[in-house]
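Encoded as structure tokens, the structure appears first; notes follow it.
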Number of protein chains: 2
Amino acid sequence: MHPATIPRPDNVPSSGARPARVTAAMVAARAGVSAATVSLVTSGKTAGRVSAENIAKVNHAINELGYVVDGLGSSLARGRSNIVILVAPDVSNPFFAKVIDGVRTEIGDAFQLLLSVTEAGQMPTPAVVRNLLSLRPAGLLVDAPSAGFLAGLPATGPMVLLDTAGVESEAPSVNFDLDGAALMLADHLADLGHSTVAYLDGTTGTETFRVRREAFCRHARTRGINVVAQTATTIDVGAAADAFARAWPQWQRQGVTAVVCSTDTHAYGVLQEARVARLAVPAQLAVTGFDDLPYSETSSPGLTTVRLPAAELGRAAGRQLLRLLAGEELAAKELVGEELEGDDRNGHRVTLESTLVVRGSTVDGGVAQGGQV
Amino acid sequence: MHPATIPRPDNVPSSGARPARVTAAMVAARAGVSAATVSLVTSGKTAGRVSAENIAKVNHAINELGYVVDGLGSSLARGRSNIVILVAPDVSNPFFAKVIDGVRTEIGDAFQLLLSVTEAGQMPTPAVVRNLLSLRPAGLLVDAPSAGFLAGLPATGPMVLLDTAGVESEAPSVNFDLDGAALMLADHLADLGHSTVAYLDGTTGTETFRVRREAFCRHARTRGINVVAQTATTIDVGAAADAFARAWPQWQRQGVTAVVCSTDTHAYGVLQEARVARLAVPAQLAVTGFDDLPYSETSSPGLTTVRLPAAELGRAAGRQLLRLLAGEELAAKELVGEELEGDDRNGHRVTLESTLVVRGSTVDGGVAQGGQV
DNA sequence: CTGAAAGCGCTTACAG
DNA sequence: CTGAAAGCGCTTACAG
């Protein structure tokens with residue numbers, strides 16, 4: 001009579017009742033204590049409040065019955081759940097995978113990390129956000145937020161922004177030093193004598209891409225580099241290869257000696273096409289990227305690229321959020337009406353240094369020479 | 001005094017109280033009705049139970065106050081939340097992105113889809129699962145489950161498995177017809193006259209990879225094809241390229257005329273290396289993949305591959321889950337003690353047909369000739 | 001150290 | 001059609 005769910009170990013016939021949920025009351029009865037005591041034990045607040053004997057009894061009963069604290073009841077009583085929601089426009093790329101992993105590492109078991117799922121490349125709609133917030137997450141992590149998204153966000157609990165390049169917000173945030181990165185890149189190319197370069201951008205319209213391009217172009221100009229051409233394609237090796245193949249004859253005529261790509265993925269396409277065209281990299285053409293994705297180390301030649309520390313971005317954001325959450329607890333418990341100490345009022349804006357990783361796509365023997373600058 | 005959260009529109013000073021949560025009781029007071037009536041309105045159960053006038057009043061009050069039904073309270077009262085949790089070992093690959101998208105499309109706004117986040121390539125630990133389940137999700141979707149994971153799963157609510165290749169389970173599931181796919185592939189290569197091939201596998205140890213390989217080898221043998229070599233690398237273009245470059249001299253001596261890859265990503269590496277080595281594809285070497293990732297259409301030559309309908313996998317699983325959920329509701333409401341109709345007892349095991357997409361990597365002009373077979 | 005009680009915010013029989 | 005009341009499962013003052 002029940003819809004097929006997961007297999008029952010024993011073939012329970014059509015009585016089909018779901019296994020009864022084990023509640024704190026049941027544990028209490030079994031242990032011969034009150035539900036309050038059970039709660040104290042499960043939440044670890046026993047110090048000076050529960051006798052060792054009762055703690056043992058409760059734990060025993062918990063194991064016997066296989067009790068798990070109900071997330072809904074618990075969250076409702078505490079006023080918030082223990083889930084942290086990570087909102088991001090692009091879940092499926094290796095760079096973001098590292099970011100996620102960093103967050104996960106930092107958040108640990110204290111909170112349950114869940115990813116909001118949206119249409120590829122989209123931030124969740126206001127309606128979805130309202131839905132998410134109604135779950136009373138302990139905190140929110142938002143990657144690459146658009147300005148519109150932030151504007152529509154109702155003022156709720158702790159939130160940390162990741163990779164907000166170009167978007168204004170007062171919320172605590174963790175960012176890459178894209179300007180510094182672009183500067184290093186421009187310097188590197190200028191030092192190598194490049195004076196005419198092309199820029200291959202992404203079409204997603206992400207803020208970070210815009211910032212990368214603008215920062216590079218600015219610093220390039222300062223260093224006397226002409227950015228004579230710009231094209232954009234989707235973030236796809238094939239699309240980038242095509243675009244480069246089509247553009248190259250023209251670029252060559254313009255004297256382009258280097259192609260700067262807004263992400264390594266594009267650069268892979270360029271490298272690939274260059275190999276097919278038997279263009280000597282870096283002698284005839286230098287290629288650079290952003291991100292330092294895994295493949296950049298093993299491509300041939302290796303790709304010179306701005307390493308944006310993805311995992312560290314996730315970790316730093318996780319750390320910030322944990323601090324906010326701890327602060328909240330403090331505020332609720334002890335500091336009502338007072339001011340928190342400086343540490344919690346500053347440090348809300350973390351910027352991570354990027355590094356330029358020099359490899360064979362700009363310098364012969366770049367890898368051998370040691371990599372990072 | 002509160003930790004910095006998100007920016008307040010107006011600079012609320014250190015009074016700092018969170019904006020008071022708007023509750024159903026507040027809406028009720030404003031509208032001059034009972035909380036029960038508010039609930040009826042928000043859940044759309046007004047038919048014959050709430051006057052048009054009161055509906056209007058309540059809706060008005062809701063808008064005025066910006067009321068959103070609290071997910072925790074609501075879920076606790078109903079006995080389950082409206083979230084569906086998608087558990088998967090590999091969130092960050094373009095194939096899975098399509099699966100997610102399919103699920104999202106099907107689930108729609110009825111439920112809130114959230115992704116469980118685990119270490120890359122890992123299923124969540126039993127502890128995490130218990131945590132997730134304590135949120136009382138309306139349903140669970142599990143992609144590429146390992147046998148161990150399923151065994152450790154407590155018997156809970158509705159669940160649908162995706163891509164369970166090789167894993168036994170009684171739970172409703174949606175799968176690809178990998179055997180049929182492997183057969184088509186073997187036939188295709190045999191028809192082209194290949195009799196000696198190499199197999200390039202992934203090292204993740206995913207069940208689906210094992211099944212792909214075994215099924216292909218079986219059918220290949222039947223068709224008189226010798227699979228003379230097998231290698232495995234991580235799922236990375238560069239790694240695959242390296243592996244191929246290293247293995248090719250030997251393979252060539254063995255008379256290998258085709259490389260079958262367990263996923264397109266590997267095949268990209270092979271194609272790339274083949275171009276560098278000026279190996280004529282497909283004349284000297286045919287290459288095939290599995291998945292039909294986006295780039296397979298634009299690579300040069302295009303990649304002959306088994307198209308596994310990823311989005312359809314997600315949609316079918318979403319559909320199954322919705323049916324389970326609907327059945328549950330029925331069971332709870334009307335059918336206690338009776339049997340559900342056949343439709344709900346069968347059809348719990350959906351198999352999706354795969355197709356072989358023939359492109360230039362096995363047949364000259366493969367694309368032009370129409371693609372699918 | 002312990003338990004009875006109130007409360008978190010909602011939904012759903014139930015009696016009118 | 002409407003509202004008072006009980007209940008979902010927990011946590012947290014509070015009184016002992």
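Per chain, numbering begins at 1; letters A, B, ... match sequence-line order.
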(request) Report the C-alpha distance between A:Arg104 and A:Asp101 in whole Å, list the side-chain angles of each, state the deciding distance to 0.1 Å, and finish with yes or no for side chain to side chain contact (heavy atoms under 4.5 Å, CB included). (result) CA-CA 5 Å; A:Arg104 219 183 31 73; A:Asp101 222 62; 3.3 Å; yes
(request) Under a 3.5 Å limit for both distances, which nucleotide forms a Watson-Crick or G-U wobble pair with C:dT2, could you say? (result) D:dA15
(request) Find out whether A:Leu321 and A:Pro158 are in side-chain contact, i.e. whether some heavy atom of one side chain is under 4.5 Å from a heavy atom of the other. (result) yes
(request) For side chain to side chain contact (heavy atoms under 4.5 Å, CB included), just list the numbers for A:Phe149 and A:Val87, CA-CA rounded to whole Å, side-chain angles, deciding distance to a tenth of an Å, and then say yes or no. (result) CA-CA 11 Å; A:Phe149 176 81; A:Val87 173; 4.1 Å; yes
(request) Please check if the side chain of A:Arg319 supplies one atom and the backbone of A:Glu106 the other of a donor-acceptor pair under 3.5 Å. (result) no
(request) Give A:Arg78 one of three labels, base, sugar-phosphate or nothing, depending on what nucleic acid heavy atoms sit under 4.0 Å from its own. (result) sugar-phosphate
(message) Need to verify one output field. Residue with the more 5' nearest nucleotide on DNA chain D, B:Leu76 or B:Thr37?
(response) B:Thr37
(request) Start with the C-alpha distance between A:Leu325 and A:Arg80, add both sets of side-chain angles, then the distance that settles side chain to side chain contact (heavy atoms under 4.5 Å, CB included), and finish with yes or no. (result) CA-CA 11 Å; A:Leu325 293 175; A:Arg80 73 164 194 213; 3.9 Å; yes
(request) Just call it for B:Ala24: base, sugar-phosphate, or nothing, with non-hydrogen atoms closer than 4.0 Å on any strand. (result) sugar-phosphate
(message) I want to confirm an ordering. Mapping A:Asp70 and B:Val50 to their closest nucleotides on DNA chain D, which one lands closer to the 5' end?
(response) B:Val50
(message) Quick check: do B:Leu135 and A:Leu114 have side-chain heavy atoms less than 4.5 Å from each other?
(response) yes
(request) Remember a base hit wins even if backbone is also touched, and classify A:Val38 as base, sugar-phosphate or nothing at under 4.0 Å, heavy atoms. (result) nothing
(message) At a heavy-atom distance below 4.0 Å, which nucleotide of DNA chain D is the first touched by chain B, and which is the last?
(response) D:dC1 to D:dG9
